[in-house]
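Reviewing the structure listed below.
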Amino acid sequence: MILCLAADRVPPNIMRKNAYNFSELEPKWRKYWEESGLFRVQADSAKQKFYCLVMFPYPSGTLHVGHARNYVIGDVVVRYKLMRGFNVFSPMGWDSFGLPAENAAIKEKIPPAEYTSKNIAAMKEQLLVWGTGYDWTSEITASGPDYYKWTQWVFLKLYEKGLAYKKKAFVNWCPSCSTVLANEQVLEGRCERCDNAVTQKDLEQWFFKITDYAQRLLDDLQQLEHWPERVKLMQRNWIGRSEGAMVEFMIEGKDIPLPCFTTRPDTLFGATFMALAPEHPVIETFIDALAEGDPKRDEILEFVEKARNESIIERSAAGAPKEGIFTGHYVINPVNNDRVQLWIANYVLMEYGTGAVMSVPAHDQRDFEFARQYGLPVRVVIQPEGEAIDPDTMKEAFTGDGVQVNSGQFDGLPNSEAKGEITKYLKKDNRGERSVNYKLRDWLISRQRYWGAPIPIVYCEKCGTVPVPEDELPVVLPDIKNFGSAKGSPLAREENFVNTKCPKCGGEARRETDTMDTFVDSSWYYLRYLSPRDDKRAFDSGVVNRWLPVDQYIGGVEHAILHLLYSRFITKVLHDLGFVDFQEPFQNLFTQGMIIKGGAKMSKSKGNVVSTESIIERYGVDSLRLYLLFIGPPERDAEWTDRSVVGGFRFLKRLWQKVASHADELKGVKRWEGDVGSLPDDSRGIYRATNRVIKEVTKDIEGSWHFNTAIAAVMELFNEVEKFEPGDAVSRQVLRHSLESMALLLSPFVPHICEEMWERLGNEPGIFEREWPSYDHGAVEEEQLEIVLQINGKVRSRLTVSPDTGEDEIKAMALEDEKIKGFLNGKKVVKIISVPRKLVNIVVK
RNA sequence: GCGAGGGUGGCGGAACUGGCAGACGCGCUAGAUUUAGGAUCUAGUGGGUAAACCCCGUGGGGGUUCGAAUCCCCCCUCUCGCACCA
């Protein structure tokens, strides 16, 4: 629109021919890529493979510029690798099971399948318009029976291996989504999806035994050299390995052992009480032992009930008040036979360790606070060197290193040594041993929701829990009408679904009505892409072993723990089962930054989304892409500014004008490939600058994806080239070389315009089948060096010399420089520092 | 509280292993062209200053160095992750 107006004053014939008509040329080239099969992977190719994977999206509806940035970053890599001669595999699919579709069904009465496919169509259209290149022949949809059949197969494999199991446990419950959640899906005590407070429920649920793999998931992080440190650190912390000892206390007079985990066996002599989590099972026996109506019984019951009902937020809030109650029982400290009180305390977590902790107030801050609050004894067993801590006057726990005191035969040992010694001592009597504990808990995969893969399990009165045989998969998700958020899973209300025959005995049986967490779907999808239509197996091991690990994975940091940990786990399981050869699915991981607007992440719920449509309409896709890549380094968050998009557009338009206006005279000429030295001055400058920029852009892309500086370098070059008007044959060759190089260098970023420019310059269409440009090594050297002259580190003058000028010669020239002489006046030269090719610093007094 | 990453013009951001701070772009100012413009072109644009080749400037303070945005120490601040993990 603007262009037509802007071009008003240009004669119409030239205008039509030379206008940057992006709305015409962009679809033209997208069609060309599709028809030429540019992004279709080559089945048999001698070329080296490159599996470039971007995290497949949840089909939420329409995508905004923040999403566009993610996919464009991936597309740059794909196009660059193509030009580098790789056999690139770049698939795309849909993580299409999940709650929003079901909520839409409840609210708007649209069936989830319909809602989902509508969104997929809209998003696919956007991805196509953005020019992001995928091999659409391998598209997958997680909610399709041909996919979730194999998600169910993965479940069965884990079940066979004993890695999928059902247990009753206190689990996270989101009342608003009316489903349980994995630990990873609870953020600050709130549901990851809907932000409502999560409560605890004692339910029987399906779990994947990820804890069996805790150590390997931790160890193998070391192999992931090309993962961001930040992500590896987050996983390390989440796995949360602690070394220590398991120590067995005995309940006095009951002969009931009460093991507890501690990282500080060196403080065992200082244990002055013991604390149980309110959920600890032994508490029931205490309550049962007390007569009905006993006030102590009521007191304990009340305390336990209250603590159990506290939401995770209340219980885990920083500085939450510590509360507890004495059980009336005592336990015996195995190391010194001390009789200490057994308490129930709200700060003890059932999920970690054994749900019982030995409390050492002198050396643990939590225990200290608790002890002071309830008047429990404090005993110092470690004294820091040169200090004497007094248990009566200390203001906080001492957690540092020191020497053992009040610790029997261990007195005098440094506490670091006592750790091992005391553990050994316990081991002798079988009262304790070395132990490792992890924060990681098993992955809760049951969801009481409809829009997910049904768990392929049948319950038979006779045979018990029976897995659905592989040849009966998929357990099809039935079409249902009633999504109301009443109690239980919607599937549980479908009699036709629930009632079935036992696969083993053929008798009456009931189906499992929970579906799987959608993270199960996404934990193996990168394997399915390689044989998406195979109806005989989940994936082809041979093919998968050739293509995996993924060479480049690209996605948001928000998946640093959830998806990336689960995928690593499932890969290891499949490895152990002999299905794949590799143990880590993703060799390189790139986590891109978010687009921020008005200080917040761009999102529908924040109401700060910028849609791509209006920008594309006004400036074209290439301008949008250019801006998204130019906005900053791709791994960093970036603030969106509407008006800045125009900068990229102006640049492209100017570049276009230059190419279009010279296309005719350049068509027949060869690009310059001769010797730099033989070029006349102005052409030589352009030629050298072009070669330098080829080198620079290549380095920026290869290194750490500094697309912003790569683009800046081409802009800078063009600012020179734009002024260059060729007068003779040689200068036309040089101009052609320069314009062609720029088209090649920019093509991964702004592919449409580059294809068009490439063709206009008289080349065969298909710039991505061309090689990435190389540079003339003899032409990247500067002809003249500018030497900075400093006095005491301050720039005072400059010198232009040829690169072969000797160091002494430069020093002499520096001292002769007029401006320098002025500064030297009356001062004494102490020394002269010279940095070759860069500067001379004269130190004076 | 613990851990990680940031803080550079009006804005987004450049600055390779310490060596010209502010590339490139947005915006802004002046001029040209234009009846109009989210159009185009030219010049300028960190602050001080009439102006500069002068002085000051990379969150603050100290240090190392001929020379520090960059290295060291202390502090402030923002973002993210974890958070009573025994």
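By convention in this document, chain letters (A, B, ...) are assigned in the order of the sequence lines, proteins followed by strands, and residues within each chain are numbered from 1. This structure is a prediction, so every number in the text was calculated from the model and none was measured.
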(request) Would you please confirm or rule out a distance under 4.0 Å between OP1 or OP2 of B:G67 and any side-chain N or O of A:N792? (result) no

(request) Decide whether A:R654 and A:N719 meet the rule of one side-chain donor and one side-chain acceptor closer than 3.5 Å. (result) yes

(message) On RNA chain B, compare the nucleotides closest to A:I711 and A:L839; which residue's is nearer the 5' end?
(response) A:L839

(request) Give the C-alpha distance, both sets of side-chain angles, the deciding distance and a yes or no for side chain to side chain donor-acceptor pair (under 3.5 Å) between A:T698 and A:D700. (result) CA-CA 5 Å; A:T698 308; A:D700 278 347; over 6 Å; no

(message) Nearest to the side chain of A:K831, heavy atoms from C-beta on, is which of B:C66, B:C20, B:G3?
(response) B:C66

(message) Measuring only the C1' atom in each nucleotide, how far is B:G22 from B:G12? A whole number of Å is fine.
(response) 13 Å

(request) Determine the minimum heavy-atom distance between A:A356 and A:C260, stating which atoms define it. (result) O-CB, 3.0 Å

(message) If we ignore hydrogens and angles and just use 3.5 Å, is the side chain of A:T423 paired with the main-chain N or O of A:R434 as donor and acceptor?
(response) no

(message) Please confirm whether the shortest side-chain N or O distance from A:R837 to OP1 or OP2 of B:G19 is below 4.0 Å.
(response) no

(request) Starting at atom CZ of A:R441, determine the distance to atom P of B:A83, rounded to an integer number of angstrom. (result) 8 Å

(message) Taking any heavy-atom pair under 4.0 Å as a contact, classify A:N841: base, sugar-phosphate, or nothing.
(response) base

(request) In whole angstrom, give the distance that lies between atom CZ of A:F749 and atom C1' of B:C24. (result) 13 Å

(request) For A:E720 and B:A23, give me the distance from atom CD to atom P, rounded to whole Å. (result) 15 Å

(request) May I ask you to say what A:R650 touches in the nucleic acid, namely base, sugar-phosphate or nothing, with a heavy-atom cut-off under 4.0 Å? (result) sugar-phosphate

(request) Find the partner of B:U49: check Watson-Crick (N1-N3 plus N6-O4 or O6-N4) and G-U wobble (N1-O2, O6-N3) distances, both under 3.5 Å, and reply none if neither fits. (result) none

(request) Select base, sugar-phosphate, or nothing to describe what A:E369 touches, counting heavy atoms under 4.0 Å on all strands. (result) nothing

(request) Report the residue from A:F749, A:W640, A:F649 that forms a ring-ring contact (aromatic ring centres under 6.0 Å, His included) with A:Y627. (result) A:W640

(request) Tell me which nucleotide among B:C24, B:G12, B:U40 gets nearest to the side chain of A:N719. (result) B:C24

(request) Quick one: label A:V795 by what it contacts on the DNA or RNA (base, sugar-phosphate, nothing), any heavy atom closer than 4.0 Å. (result) sugar-phosphate

(request) Would you classify A:Q790 as touching base, sugar-phosphate or nothing, given that sugar-phosphate means primed atoms plus P, OP1 and OP2, and contacts are heavy atoms under 4.0 Å? (result) base

(request) May I ask which nucleotide in the shown strands pairs with B:C2, Watson-Crick or G-U wobble, both distances under 3.5 Å? (result) B:G81

(message) Let's test this: given Watson-Crick or G-U wobble pairing with both distances under 3.5 Å, identify the partner of B:U64.
(response) none

(message) Base, sugar-phosphate or nothing for A:N437? Non-hydrogen atoms, less than 4.0 Å.
(response) nothing

(message) Under 4.0 Å, counting only non-hydrogen atoms across every strand here, what does A:S242 touch: a base, just sugar-phosphate, or nothing?
(response) sugar-phosphate

(message) Rounded to whole Å, please give me the gap between CD1 in A:I631 and C1' in B:C26.
(response) 11 Å

(request) Taking the six-membered ring of A:Y20 (Phe, Tyr or Trp), confirm whether the NZ or CZ of A:K653 is under 6.0 Å from its centre and within 45° of its axis. (result) no

(request) Evaluate the ring planes of A:H559 and A:H563, with Trp represented by its six-membered ring, and classify them as parallel (under 30°), tilted (30 to 60°) or perpendicular (over 60°). (result) perpendicular

(request) Using distance alone, with no hydrogens and no angle criterion, decide if A:D442 and A:T211 have a side-chain donor and acceptor under 3.5 Å apart. (result) yes

(message) The side chain of A:N346 is closest to which nucleotide in this list: B:G13, B:C84, B:U40?
(response) B:C84

(request) Report which part of the nucleic acid A:I833 touches: base, sugar-phosphate, or nothing (heavy-atom distance under 4.0 Å, all strands). (result) base

(request) Using the P atom as the reference point in each nucleotide, state the distance between B:C82 and B:A15 in Å, no decimals. (result) 31 Å

(message) Considering every strand and a 4.0 Å limit on heavy-atom distances, what is the contact class for A:K794: base, sugar-phosphate, or nothing?
(response) sugar-phosphate

(request) Report the distance from atom CG of A:L349 to atom P of B:C84, rounded to the nearest whole Å. (result) 6 Å

(message) Can you tell me whether the base of B:G9 sits syn or anti, using the 90° cut around 0 to define syn?
(response) syn

(message) Looking at B:A69, which nucleotide sits across from it as a Watson-Crick or G-U wobble partner, both distances under 3.5 angstrom, or is there none?
(response) none

(request) Searching all strands shown, indicate the nucleotide that pairs with B:U42 (Watson-Crick or G-U wobble; both distances under 3.5 Å). (result) B:A30

(request) Could you check which of B:A39, B:A86, B:G12 has an atom nearest any side-chain atom of A:Y347? (result) B:A86

(message) So, OP1 or OP2 of B:C66: does either fall under 4.0 Å of a side-chain N or O from A:R796?
(response) no

(message) I need the NZ-C1' distance between A:K419 and B:A86, as an integer number of Å.
(response) 12 Å

(request) Could you please name the option among B:A86, B:A83, B:A14 that lies closest to any side-chain atom of A:Y352? (result) B:A86

(message) Distance check, C1' atoms only: B:C74 and B:G67, in whole angstrom units.
(response) 24 Å

(message) Using the P atom as the point on both nucleotides, what is the distance between B:C80 and B:U42, in whole Å?
(response) 43 Å

(request) From the options B:G19, B:A39, B:A86, select the nucleotide whose nearest atom is closest to the side chain of A:V348. (result) B:A86

(request) Scan A:K439 against the nucleic acid and name what it touches under 4.0 Å (heavy atoms): base, sugar-phosphate only, or nothing. (result) base

(message) Using heavy-atom distances to pick each residue's nearest nucleotide on RNA chain B, tell me which of A:G793 and A:V646 is more 5'.
(response) A:V646

(request) Going by the side-chain contact (heavy atoms from CB on, under 4.5 Å) test, name the single residue among A:L181, A:L444, A:N183 that passes it with A:V171. (result) A:L444

(request) Rounded to the nearest angstrom, tell me the gap between atom CZ in A:R69 and atom P in B:G13. (result) 9 Å

(request) Output the single nucleotide from B:A39, B:C84, B:A86 whose closest atom is nearest the side chain of A:K322. (result) B:C84

(request) Considering only atom C1', compute the distance from B:G81 to B:G18 and round it to an integer number of Å. (result) 32 Å

(request) Please state how far atom CG in A:D266 lies from atom P in B:A86, giving the value in whole angstrom units. (result) 13 Å

(message) Taking any heavy-atom pair under 4.0 Å as a contact, classify A:R654: base, sugar-phosphate, or nothing.
(response) sugar-phosphate

(request) Describe the nucleic acid contact of A:V357 in one word from base, sugar-phosphate, nothing, applying a heavy-atom distance below 4.0 Å. (result) base

(request) For a side-chain contact (heavy atoms from CB on, under 4.5 Å) with A:K831, tell me which candidate from A:V843, A:I842, A:V844 qualifies. (result) A:V843

(request) Hunt down the Watson-Crick or G-U wobble partner of B:U17, both distances under 3.5 Å, from any strand shown, or write none. (result) none

(request) Ignoring the backbone of A:A712, work out which of B:A4, B:C53, B:C24 is nearest its side chain. (result) B:C24

(request) Answer yes or no: does a side-chain N or O of A:K819 lie under 4.0 Å from OP1 or OP2 of B:C53? (result) no

(request) State which of B:C24, B:G12, B:G13 makes the closest approach to the side chain of A:M715. (result) B:C24

